[in-house]
Enquirer: 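Got a structure for you, written out below as structure tokens; questions coming shortly.
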Number of protein chains: 4
Amino acid sequence: MHFNHISPAKTRAQKEHRANHILESALVLFVEKGFSATRLEDVARHAGISKGTLYLYFENKEALFKRLVEEMVVPLVQNAEHEVNAYQGPCNNLLQQLILGWWKMIGKTSLSGLPKLLISESGNFPDLAEYYVKNVVARVRRLLTTVIQRGIAAGEFIECDAEGVARVILSAVVFPVVLQHSLGIYDTAFENDRYQRAHMELILNGMVTKR
Amino acid sequence: MHFNHISPAKTRAQKEHRANHILESALVLFVEKGFSATRLEDVARHAGISKGTLYLYFENKEALFKRLVEEMVVPLVQNAEHEVNAYQGPCNNLLQQLILGWWKMIGKTSLSGLPKLLISESGNFPDLAEYYVKNVVARVRRLLTTVIQRGIAAGEFIECDAEGVARVILSAVVFPVVLQHSLGIYDTAFENDRYQRAHMELILNGMVTKR
Amino acid sequence: MHFNHISPAKTRAQKEHRANHILESALVLFVEKGFSATRLEDVARHAGISKGTLYLYFENKEALFKRLVEEMVVPLVQNAEHEVNAYQGPCNNLLQQLILGWWKMIGKTSLSGLPKLLISESGNFPDLAEYYVKNVVARVRRLLTTVIQRGIAAGEFIECDAEGVARVILSAVVFPVVLQHSLGIYDTAFENDRYQRAHMELILNGMVTKR
Amino acid sequence: MHFNHISPAKTRAQKEHRANHILESALVLFVEKGFSATRLEDVARHAGISKGTLYLYFENKEALFKRLVEEMVVPLVQNAEHEVNAYQGPCNNLLQQLILGWWKMIGKTSLSGLPKLLISESGNFPDLAEYYVKNVVARVRRLLTTVIQRGIAAGEFIECDAEGVARVILSAVVFPVVLQHSLGIYDTAFENDRYQRAHMELILNGMVTKR
DNA sequence: CATGAATGAGGTTTCATTCAT
DNA sequence: GATGAATGAAACCTCATTCAT
């Protein structure tokens with residue numbers, strides 16, 4: 001009774017933690033089966049709680065999904081932006097660093113399922129899709145475009161359609177992660193490093209033999 | 001009712017035609033909302049028939065989905081393979097021709113939704129995903145790899161990881177089509193030709209300035 | 001096939017009929033157990049249909065309830081109004097006629113449960129309560145007030161607070177019907193005619209001995 | 001925690017007091033929403049305690065409801081009975097006194113919701129309804145019948161159906177209180193005193209003009 | 001053949017009740 | 001004693017599938 005103020009603090013942290021745990025479980029299952037085909041009972045079981053407990057943390061199934069997207073990616077985008085702003089040095093290094101960062105922060109973590117999930121569900125959640133495009137997709141693309149423009153200005157890169165190139169590069173970076181959570185499972189394995197190496201070499205030097 | 005016995009052939013053809021019509025409707029809606037979230041009633045309404053009639057043409061919802069995938073793409077892959085086998089001339093032309101063909105046969109038709117659909121639903125239809133990977137993805141990739149290897153052998157392309165490069169190129173070709181049917185709707189428009197031009201220039205010449 | 005135009009007409013009538021049948025069942029159970037405590041499955045069983053069928057006729061439980069109220073009483077009020085307007089003759093006869101009509105049209109039919117139901121549920125359905133007050137309660141009260149005022153003007157009734165008296169009379173008429181569907185079941189029976197006779201004599205002559 | 005062993009008496013009284021507080025809250029909400037639609041969490045919040053604490057005072061939701069009815073009215077009935085037995089004087093005064101008492105003890109206190117509540121829930125709680133009819137409704141009616149009979153014997157009231165008249169009077173007294181907690185909220189206001197005056201005048205003198 | 005009313009299994013959501021703190 | 005997080009039974013509601021017309 002005397003130190004009651006401790007309990008709510010502890011509870012608050014626990015509550016936060018529990019909510020994150022549920023979000024992780026939801027992410028895994030939503031990515032695997034899609035939003036509609038995922039039963040809340042499965043999410044609960046996966047999180048080790050009961051069906052009813054879910055509703056102590058999230059208003060309903062849709063709210064659970066929205067929190068998933070809104071709370072898990074934006075911080076990472078901000079990180080990348082800071083990194084680019086602070087960077088001094090050759091742009092191809094920066095480019096490579098960003099791509100590696102993508103794999104480290106997203107591609108190899110549980111977040112890697114999010115792009116696939118958003119692609120799958122955008123038709124049913126237009127608001128969320130718009131939010132994601134605005135706060136993630138567009139920002140990342142702008143970032144990459146900036147880097148390329150900086151490289152052109154520095155004479156490091158040839159004069160090219162910076163945004164077009166940024167889009168091409170992003171496709172080649174994001175798509176494998178999307179496949180990883182979908183058709184990739186049924187395909188022959190292909191080493192990630194090898195893919196990344198081929199990608200970097202291709203975009204830096206092209207494939208045509210120089211005369 | 002009176003002259004039904006006269007035209008079994010016509011009936012057969014009509015049946016085929018009707019089935020295709022339903023498949024088209026199903027494709028549109030499955031792509032938009034996903035398999036699970038699409039109600040058969042909506043498919044029926046979209047096809048201009050009644051709910052019950054669907055079952056005269058397809059055993060059940062799942063069968064409808066499977067037929068969709070099995071009947072609509074494989075022929076196109078075969079076409080591409082024939083084209084490559086018959087081709088004589090510089091490989092970068094062939095490459096460009098294949099990419100243009102992709103846009104013409106898939107990217108700009110209703111089939112363009114299929115890759116998005118399969119990515120979304122692979123978790124719930126492993127058999128189908130496997131079938132698609134084996135009969136479409138892997139075959140197209142092999143085809144592209146062959147073209148690149150042919151270019152290398154001809155001294156037209158530099159020595160590179162042919163399969164790796166093929167995968168990178170495919171990502172950059174398929175991903176925009178996937179986006180078109182998902183997040184793309186909520187993004188700023190970007191002209192397709194411009195994207196393709198940036199793509200071709202990038203993979204042919206790279207972006208680094210030649211010393 | 002030739003007389004297809006019959007089928008939809010027949011269907012329309014059947015549909016109407018079926019909907020009314022469901023409303024009757026819902027009325028019985030809502031009156032007995034209340035809205036919240038009545039399970040739709042019970043309504044369905046009582047109506048001899050399945051749970052799902054309910055939803056072909058009513059959007060949801062609440063809509064079912066609202067239709068119940070909106071479609072089943074207002075016509076009766078209009079009837080009474082016409083009757084009063086058309087009446088020529090002594091007002092105490094008219095009064096008696098109205099009270100008898102109440103018993104015949106409401107008190108002894110399945111509609112008799114509605115007042116009890118609305119009293120019970122008004123807290124949870126304010127809109128509906130307001131609708132009922134406006135379109136039923138207030139109109140009937142106004143009607144009765146008019147009759148009394150007419151009687152006063154004709155020298156038939158003493159000068160009195162017409163609206164107040166109307167409210168008193170209505171209480172004594174409606175309350176027994178409400179009890180009939182609630183506590184009345186557990187009370188000793190009391191003949192309706194006897195109640196009505198006591199009521200008429202009381203309001204006409206009072207209970208005090210004349211000097 | 002330290003001196004708990006000293007004041008069991010105080011604790012006993014506090015417990016009693018707390019229980020009554022909970023009962024008051026339950027009464028308010030049960031009347032407003034009905035038993036089924038009232039959540040125990042709301043009762044708890046209204047009483048300023050936690051959900052779990054309720055169960056320290058009442059076995060379950062049903063027990064809470066039953067105690068509500070059993071403990072809050074019977075004493076009032078006994079009071080009225082004593083009053084009638086002790087009374088000496090003209091019966092119309094006694095009648096008026098009883099009706100005024102009804103308004104003072106019930107109609108204007110939180111108990112006024114009980115009749116509405118019992119009417120609403122009698123279908124789901126037959127035992128309770130029976131108890132209430134036996135210990136409240138029937139006793140009050142018998143009391144009123146007695147008064148009327150006494151008035152007739154004294155030559156104060158005309159020869160009439162005493163029980164029938166008692167029932168009519170009770171309807172007109174109880175119904176407004178029931179309305180007050182239901183449809184009344186949505187109706188135009190009508191002054192209570194005015195209603196009571198109209199009521200008394202009507203039952204004493206009737207509405208027909210004396211020749 | 002074609003229809004769409006009917007079904008009921010299965011999903012989402014609520015809430016009375018329990019119990020560790 | 002008091003709490004409120006956790007539970008799971010039971011309610012509402014949806015929709016794939018069937019079948020009489």
Side-chain angles (χ1 to χ4, degrees), chain A residues 1 4 6-8 10-11 14-15 18 36-44 48-64, chain B residues 1 4 11 14-15 18 35-45 48-64, chain C residues 1 4 6-8 10-11 14-15 18 36-44 48-64, chain D residues 1 4 11 14-15 18 35-45 48-64:
Chain A
M1 195 182 279
N4 268 355
I6 282 184
S7 162
K10 201 207 260 174
T11 303
Q14 278 181 343
K15 186 159 183 170
R18 176 70 71 99
S36 220
T38 299
R39 293 177 301 142
L40 280 190
E41 190 154 10
D42 292 341
V43 174
I49 59 174
S50 80
K51 229 183 332 174
T53 303
L54 269 178
Y55 287 83
L56 298 177
Y57 294 90
F58 303 95
E59 212 175 337
N60 54 34
K61 198 183 179 187
E62 198 166 328
L64 173 62
Chain B
M1 195 183 281
N4 270 354
T11 302
Q14 278 181 339
K15 183 160 181 169
R18 174 74 70 97
F35 176 80
S36 206
T38 299
R39 294 179 301 151
L40 280 192
E41 186 157 14
D42 291 340
V43 174
R45 190 184 2 266
I49 60 173
S50 79
K51 225 182 336 172
T53 305
L54 268 178
Y55 286 83
L56 299 175
Y57 295 89
F58 302 94
E59 207 177 340
N60 55 31
K61 197 183 181 186
E62 199 166 325
L64 173 60
Chain C
M1 196 182 280
N4 268 355
I6 281 185
S7 162
K10 200 206 261 175
T11 302
Q14 278 181 340
K15 186 159 183 169
R18 176 70 70 100
S36 219
T38 300
R39 292 178 303 141
L40 281 190
E41 190 154 10
D42 292 340
V43 175
I49 59 175
S50 79
K51 225 180 341 170
T53 303
L54 268 179
Y55 288 85
L56 298 177
Y57 295 89
F58 303 94
E59 211 175 340
N60 53 35
K61 198 184 179 186
E62 198 167 325
L64 172 61
Chain D
M1 193 183 281
N4 270 354
T11 303
Q14 278 181 340
K15 184 160 181 170
R18 174 74 69 94
F35 176 81
S36 206
T38 299
R39 293 179 303 151
L40 280 192
E41 186 158 12
D42 292 341
V43 175
R45 191 186 356 270
I49 59 173
S50 81
K51 226 185 331 177
T53 304
L54 268 177
Y55 285 84
L56 298 176
Y57 294 89
F58 302 94
E59 208 178 341
N60 55 31
K61 198 184 181 187
E62 199 167 326
L64 173 61

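Order of the sequence lines sets the chain letters (A, B, ...), proteins ahead of strands, with each chain counted from 1. Model, not experiment: these values are computed from the prediction.
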Enquirer: Is any side-chain N or O of C/Y57 closer than 4.0 Å to OP1 or OP2 of E/dA6?
Expert: yes
Enquirer: Roughly, in whole Å, what's the span from CD in C/E41 to P in E/dT7?
Expert: 12 Å
Enquirer: What integer distance in Å separates D/D42:CG from E/dT14:P?
Expert: 13 Å
Enquirer: Would you classify B/T38 as touching base, sugar-phosphate or nothing, given that sugar-phosphate means primed atoms plus P, OP1 and OP2, and contacts are heavy atoms under 4.0 Å?
Expert: sugar-phosphate
Enquirer: Just need the stems in DNA chain E: three or more back-to-back Watson-Crick or G-U pairs, each with both distances under 3.5 angstrom, sorted by first number.
Expert: E:2-21 with F:2-21
Enquirer: Starting at the 5' end of DNA chain F, which residue's closest nucleotide do you reach first, C/K61 or A/I49?
Expert: A/I49
Enquirer: Could you give the CD-to-C1' distance, from A/E59 to E/dT14, as a whole number of Å?
Expert: 13 Å
Enquirer: Pick the nucleotide of DNA chain E nearest each of B/G48 and A/S36; which residue has the one closer to the 5' end?
Expert: B/G48
Enquirer: Does F/dA2 have OP1 or OP2 sitting under 4.0 Å from an N or O in the side chain of D/R18?
Expert: yes
Enquirer: Between E/dT3, E/dA5, F/dA6, spot the one nearest the side chain of C/L56, thanks.
Expert: E/dA5
Enquirer: According to a strict under-4.0 Å criterion, is C/K51 in side-chain N/O contact with OP1 or OP2 of E/dG8?
Expert: no
Enquirer: Can you measure D/R45 atom CZ to F/dT3 atom P for me and round it to whole angstrom units?
Expert: 13 Å
Enquirer: Might you point out which heavy atoms bring C/S36 and C/K61 nearest each other, and give the distance in Å?
Expert: O-NZ, 3.5 Å
Enquirer: Phosphate oxygens OP1/OP2 of F/dG1: is one of them under 4.0 Å from a side-chain N or O of D/K15?
Expert: yes
Enquirer: Distance check, rounded to the nearest 0.5 Å: D/K51 atom NZ versus D/R39 atom CZ?
Expert: 9.0 Å
Enquirer: Send over the distance from B/L64 CG to F/dT17 P, rounded to a whole Å.
Expert: 10 Å
Enquirer: What is the distance from atom CD of C/E41 to atom OG of C/S50, rounded to the nearest 0.5 Å?
Expert: 9.5 Å
Enquirer: Which nucleotide in the list F/dG8, E/dT7, E/dT3 gets nearest to the side chain of A/S50?
Expert: F/dG8
Enquirer: Taking only the side-chain heavy atoms of C/L40 (C-beta and beyond), determine which of F/dC13, F/dT17, E/dT17 contains the nearest atom.
Expert: F/dC13
Enquirer: Nearest-Å distance, CZ (D/R39) to P (E/dT14)?
Expert: 9 Å
Enquirer: Do B/R18 and B/L56 pass the side chain to side chain contact (heavy atoms under 4.5 Å, CB included) test, and can you show the C-alpha distance, the side-chain angles, and the key distance before you say yes or no?
Expert: CA-CA 11 Å; B/R18 174 74 70 97; B/L56 299 175; over 6 Å; no
Enquirer: Grab the CG-P distance between D/L54 and E/dC19 for me, whole Å please.
Expert: 17 Å
Enquirer: Can you tell me if D/T53 touches the phosphate of F/dA2, counting only side-chain N or O atoms and a distance under 4.0 Å to OP1 or OP2?
Expert: no
